[in-house]
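Let me begin by presenting the structure, written as structure tokens, before commenting on it.
Just so you know, these numbers use all the heavy atoms, side chains as well, and skip hydrogens, waters and symmetry mates. Note that the structure is predicted; figures quoted are calculated from it, not measured. Numbers restart at 1 for each chain; the letters A, B, ... are given by sequence-line order, proteins then strands.
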There are 2 protein chains.
Amino acid sequence: MVARKRGNPLALAVLGLLWERPMHPYEMATTLRERGKEHSIKINYGSLYTVVQSLEKHGLIEPQEVTREGRRPERTVYALTEPGELEMQSWLSELIGVPVKEYTSFEAALSLMGLLPPDTVVTLLEQRRERLTLTLHTIESMLRKLDMSRAFLIESEYHQVLLRAERDWIDGLVKEIRDGTFEDLALWRRLHEERDRG
Amino acid sequence: MVARKRGNPLALAVLGLLWERPMHPYEMATTLRERGKEHSIKINYGSLYTVVQSLEKHGLIEPQEVTREGRRPERTVYALTEPGELEMQSWLSELIGVPVKEYTSFEAALSLMGLLPPDTVVTLLEQRRERLTLTLHTIESMLRKLDMSRAFLIESEYHQVLLRAERDWIDGLVKEIRDGTFEDLALWRRLHEERDRG
DNA sequence: CCCCGAATACTCTGAGCCGAGTATTCGCCT
DNA sequence: AGGCGAATACTCGGCTCAGAGTATTCGGGG
């Protein structure tokens, strides 16, 4: 058998859930939503069922029983196999222990920002800054009224840290462009002025 | 015509390149690599050619001429259309001005870290910390010997800021788990000990 | 007691993306 | 002269993913 390709983290979440107890796919989705994991892991039905199929194909999970309640569609309850438990541990260990470069669309946008004139960029950055602050406030107030135990909040704590770092950095950048400290600002501006005339 | 679906940022980069001058796909790839954009935008041939096709289909770029050098394969040179220029500006503006949640695999992993025993997690986090520091050093020394103008480095400056924020946060987390300050640590540990015996 | 909307439990299709593979040519080294 | 690796310029098939669509049932209001 070929080495499993570790793609969608949703598959890892599935392994995690089955580590606790057997479940059918739909229940996995709702359980994940109840626990608020949808904010850190993208869940959607299409992917969920493909992912479960692929895990079964690789022998990491196996159908335990097929039940039916009333005349609802059948539910296949899956259980974790032993290879599945090992895979879950090794995969999760890799995700935590080995950083991988993730391509964000904002980083891409920054690398192309020279395509817009400086003043436009400043306006947009300020817009982003405001929106980030708003998101941050929303998260903070959500957490305050939720008051779950720390272990469930780790991921959103991390998320907040990154958001704040981004906001502060944008702040600095905006100031530099505004007061002309930004290197090659003149060049940048000239380029767009020429283009506008030409 | 249906509204274009703004997917792959590589398409935006293509629009950006054609804003400067007409080019054929292979040249786009090499130009982007020369400028080091491959670090902020994922480039691969498969996607590049699909993306160019789709841009042409939507009238944002158009073939200008088909040349041939020696007996190499033909090269189709594309140029930006006016709708293409507008789309590039509005798309880039959106990417800068409107933050969108991006799902990183580390955030997913954090939300599942309870599946591993605390001591394992600490070891893994320390591993990650070391690797992050290493990456940071590599980037710093690359930038030092590269000495390009600021405008070309913005994206990697941003990247560094995020890496540092992550590293510092991990530092704090590790300390909390180590010295027992971490909330519900006992519960977490007990859960795994029971499981080991059971 | 009947209707409507929410919840249950998936299924399906098309689009997008990846990256290994292909075929040719240039240039350098011996 | 000829052979080999790097560069040129794409192509192709398979896999994944999104998310809208489907069919059924339960619960509550009038």
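The side chain of A/Y26 has C/dA9 as its nearest neighbour among C/dA9, D/dC10, C/dG19. For A/Y49, counting side-chain heavy atoms from C-beta on, the closest listed nucleotide (D/dC17, C/dC10, C/dC17) is C/dC10. Side chain of A/K42, nearest nucleotide from C/dA9, D/dA18, C/dC18: D/dA18. Ranking C/dG16, D/dA20, D/dA9 by closeness to the A/Y45 side chain, first place goes to D/dA20. Closest to the A/N44 side chain, of the nucleotides C/dC10, D/dG19, D/dC10, is D/dG19.
A sub-4.0 Å separation between OP1 or OP2 of D/dC10 and a side-chain N or O of B/H24 is present. Between B/S47 and C/dC18 there is a side-chain N or O to OP1 or OP2 distance below 4.0 Å. Phosphate proximity of C/dG16 to B/N8: absent, as no side-chain N or O sits under 4.0 Å from OP1 or OP2.
D/dT8 atom C1' lies 14 Å from atom CG of B/L48, rounded to whole Å. Look at CZ on B/R75: it is 17 Å from P on D/dA7, rounded to the nearest Å. Between the OH atom of A/Y78 and the C1' atom of C/dC10 there is a distance of 11 Å, given to the nearest Å. B/L10 places its CG atom 13 Å from the P atom of C/dG19, with the value rounded to the nearest Å. Between B/I43 atom CD1 and D/dC10 atom C1' the separation is 16 Å, expressed in whole Å. Note: CZ (B/R6) to P (C/dC17) measures 15 Å, nearest angstrom. The distance between atom NZ of A/K5 and atom P of D/dG14, rounded to the nearest whole Å, is 14 Å. For A/M28 and C/dA9, the CE to C1' distance is 13 Å, given to the nearest whole Å.
For B/R167 and B/F106, the positive end is not near the middle of the six-membered ring at less than 6.0 Å and at most 45° from its axis.
In this structure, CD in B/E107 is found 10.0 Å from CD in A/E102, a value given to the nearest 0.5 Å.
There is a side-chain donor-acceptor pair under 3.5 Å between B/R6 and B/S90.
A salt bridge does not link B/R195 with A/E85: every distance from a Lys NZ or Arg NE/NH1/NH2 to an Asp or Glu carboxylate oxygen is 4.0 Å or more. Ion pair B/E140/B/R164 flagged as a salt bridge, since at least one NZ, NE, NH1 or NH2 atom sits closer than 4.0 Å to an Asp/Glu carboxylate oxygen.
For the pair B/G46 and A/P25, nearest-nucleotide mapping onto DNA chain C gives the more 5' position to A/P25.
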